[in-house]
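One is the number of the first residue; the rest follow in order along the sequence. The figures that follow rest on heavy atoms only: side chains count, while hydrogens, waters and symmetry mates do not. In this text, all values refer to a predicted model and were calculated from it rather than measured experimentally.
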Amino acid sequence: MASKKQTPAAASSTAIPQAEAFFKKNKKAIIACVAVVVVLVGGFFAYKYLYQQPREEKAQALLAQGQALAAQQKYDEALKGEGKFPGFLKLISNYSGTDAANVAKAQAGFCYAQQGKYKEAVAQLESFSPASDNSLSPAALGALANAYAGIGQIDKAVATYEDAAERADNEILSPLFLVKAGELLETQKKYTEAVSLYKRVKENYPRCQYSVAQQQQDGSVGAAMIDVFIERATR
């Protein structure tokens, strides 16, 4: 004869005692697991709100002081400190892991580049982590490309300028980076590649300063700068 199916009520009345028995048998292990979860969750929130967040806020305040010094062209003071500001370099080491310390790497790179210390600039800018939603990223990549060029690493400079142009994707920075890359290619006599970049500027950024026809002093309209570059590189 076929076995009878358990009704939901019968199944429930069977399951509850089984669960109770399982809990009694494994009570210590279950309580220990719950305690571990509570400690981990509590520790995470304590770390985030009692340690990391105040640390980030302090670092951001210091970063603003350094940026103000850099804006005044006090590059050495911005790097090494002035008054209560410890300098970008100490901010980076003392507040590692914060967003402010990451931005300070880019700022330190800018300062070194302005001083003509391109090796130091490369070290800082390479350690900076670009973010796709961060307007600083294209500028940092452009500065890194410039620093590569400063130490004679032309191929790296060209590739990095192209990366910066793609990341920026606007009428101001992208044409600038592409033209700089093209000019470097011309120094290597890679004229075909240079022309390709100049044509990208003309086609993709028709309203940029390089693509708009120039007004002459006599009132006539001359060729756009990008056309001059293309003609120069066409050998």
Checklist entry - Any side-chain heavy-atom pair from Lys180 and Val158 closer than 4.5 angstrom? => result no

Next on the checklist: Is it the case that atom CD in Glu231 sees more than 12 heavy atoms from other parts of the structure closer than 6.0 Å?
Outcome noted: no

Item to check | Stepwise side-chain contact (heavy atoms from CB on, under 4.5 Å) test for Gln114 and Gln73 | outcome: CA-CA 9 Å; Gln114 289 297 324; Gln73 299 183 1; over 6 Å; no

Checklist entry - Would a distance-only check, ignoring hydrogens and angles, find a side-chain to backbone donor-acceptor pair under 3.5 Å from Glu171 to Cys208? => result yes

Checklist entry - Say you draw a straight line from CG of Leu184 to CD of Glu193; how long is it, rounded to the nearest 0.5 Å? => result 12.0 Å

Checklist entry - What's the shortest heavy-atom distance between Ala140 and Ala106, and which atoms? => result CB-CB, 4.3 Å

Checklist entry - Under 6.0 Å from the CD1 atom of Ile151, do we count more than 12 heavy atoms belonging to anything else shown? => result yes

Next on the checklist: So, taking the atom named NZ in Lys74 and the one named CD in Glu82, what distance separates them when rounded to the nearest 0.5 Å?
Outcome noted: 4.5 Å

Item to check | Closest non-hydrogen atom pair between Phe88 and Ala104, with its separation | outcome: CD2-CB, 4.0 Å

Item to check | side chain to side chain donor-acceptor pair (under 3.5 Å) between Gln60 and Asp99, intermediate numbers included | outcome: CA-CA 8 Å; Gln60 290 288 349; Asp99 290 339; 5.3 Å; no

Checklist entry - Do Tyr75 and Leu125 belong together in a cluster built from hydrophobic side chains that touch within less than 4.5 Å? => result no

Item to check | Approximate separation, where rounding is to 0.5 Å, of Thr160 OG1 and Phe177 CZ | outcome: 11.0 Å

Next on the checklist: Show the nearest heavy-atom pair for residues Ala164 and Pro138, with the distance to one decimal.
Outcome noted: CB-O, 3.7 Å

Item to check | Contact check, side chains of Lys58 and Leu63, non-hydrogen atoms, under 4.5 Å | outcome: no

Checklist entry - Does a side chain donor of either Glu186 or Tyr198 reach within less than 3.5 Å of an acceptor in the other side chain? => result yes

Checklist entry - How far does CG of Leu197 sit from CD of Glu183, to the nearest 0.5 angstrom? => result 11.0 Å

Checklist entry - Step by step, would you call Leu62 with Lys84 a side-chain contact (heavy atoms from CB on, under 4.5 Å)? => result CA-CA 9 Å; Leu62 292 173; Lys84 293 185 178 180; over 6 Å; no

Checklist entry - Under a single-linkage definition using a 4.5 Å side-chain heavy-atom cutoff for Ile, Leu, Val, Met, Phe, Trp and Tyr, are Phe85 and Tyr112 assigned to the same hydrophobic cluster? => result no

Checklist entry - For the hydrophobic clusters of this structure (ILVMFWY residues joined by side-chain heavy atoms under 4.5 Å, transitively), does one cluster hold both Tyr95 and Ile92? => result no

Checklist entry - Between Leu89 and Ala108, which heavy-atom pair has the shortest distance, and what is it? => result CD2-CB, 4.3 Å

Item to check | Full working for side-chain contact (heavy atoms from CB on, under 4.5 Å) between Asn146 and Tyr118 | outcome: CA-CA 8 Å; Asn146 187 60; Tyr118 296 116; 4.1 Å; yes

Checklist entry - After noting the C-alpha distance and the side-chain angles of Leu178 and Tyr210, does the key distance pass the side-chain contact (heavy atoms from CB on, under 4.5 Å) rule? => result CA-CA 11 Å; Leu178 291 172; Tyr210 298 103; over 6 Å; no

Next on the checklist: Measuring from atom CD of Glu77 to atom SG of Cys111, what distance do you get when rounded to the nearest 0.5 angstrom?
Outcome noted: 10.0 Å

Checklist entry - Can a salt bridge be assigned to the pair Asp163 and Lys156 using a cut-off of 4.0 Å between side-chain N and carboxylate O? => result no

Checklist entry - Between the side chain of Asn102 and the main-chain N/O of Phe128, is any donor-acceptor distance below 3.5 Å? => result no

Next on the checklist: Please evaluate residues Asp227 and Arg232 with respect to the criterion salt bridge (Lys or Arg N to Asp or Glu O under 4.0 Å), reporting the C-alpha separation (whole Å), side-chain torsions for both, the decisive distance (0.1 Å), and the verdict.
Outcome noted: CA-CA 8 Å; Asp227 291 325; Arg232 182 185 67 200; over 6 Å; no

Checklist entry - Atom OH of Tyr161 and atom CD1 of Ile154: how far apart are they, to the nearest 0.5 Å? => result 9.0 Å

Checklist entry - Within a radius of less than 6.0 Å around CD of Gln115, do more than 12 heavy atoms belonging to other residues, nucleotides or ligands occur? => result yes

Next on the checklist: Would you say Tyr148 and Glu126 are linked by a side-chain donor-acceptor pair, where the criterion is simply a distance under 3.5 Å?
Outcome noted: yes

Checklist outcome for this item: Between Ser211 and Ala224 the two heavy atoms that sit nearest each other are O-CB, 3.2 Å

Next on the checklist: Can you see whether Glu120 engages Gln124 through a side-chain donor-acceptor pair at a distance of less than 3.5 angstrom?
Outcome noted: no

Checklist entry - Is there a path of hydrophobic side-chain contacts, each under 4.5 Å between heavy atoms of I, L, V, M, F, W or Y residues, that connects Val201 with Leu173? => result yes

Next on the checklist: I'd like to know if Leu185 and Tyr191 are part of one continuous hydrophobic network [Ile/Leu/Val/Met/Phe/Trp/Tyr, side-chain heavy atoms within less than 4.5 Å].
Outcome noted: no

Checklist entry - Less than 4.0 Å between a side-chain N and a carboxylate O, is that true for Arg200 and Glu162? => result yes

Checklist entry - Mind checking what makes side-chain hydrogen bond (donor to acceptor under 3.5 Å, both in side chains) contact with Asn170, not counting sequence neighbours? => result none

Checklist entry - Ser174 side chain to Ala165 main-chain N or O, any donor-acceptor pair under 3.5 Å? => result yes

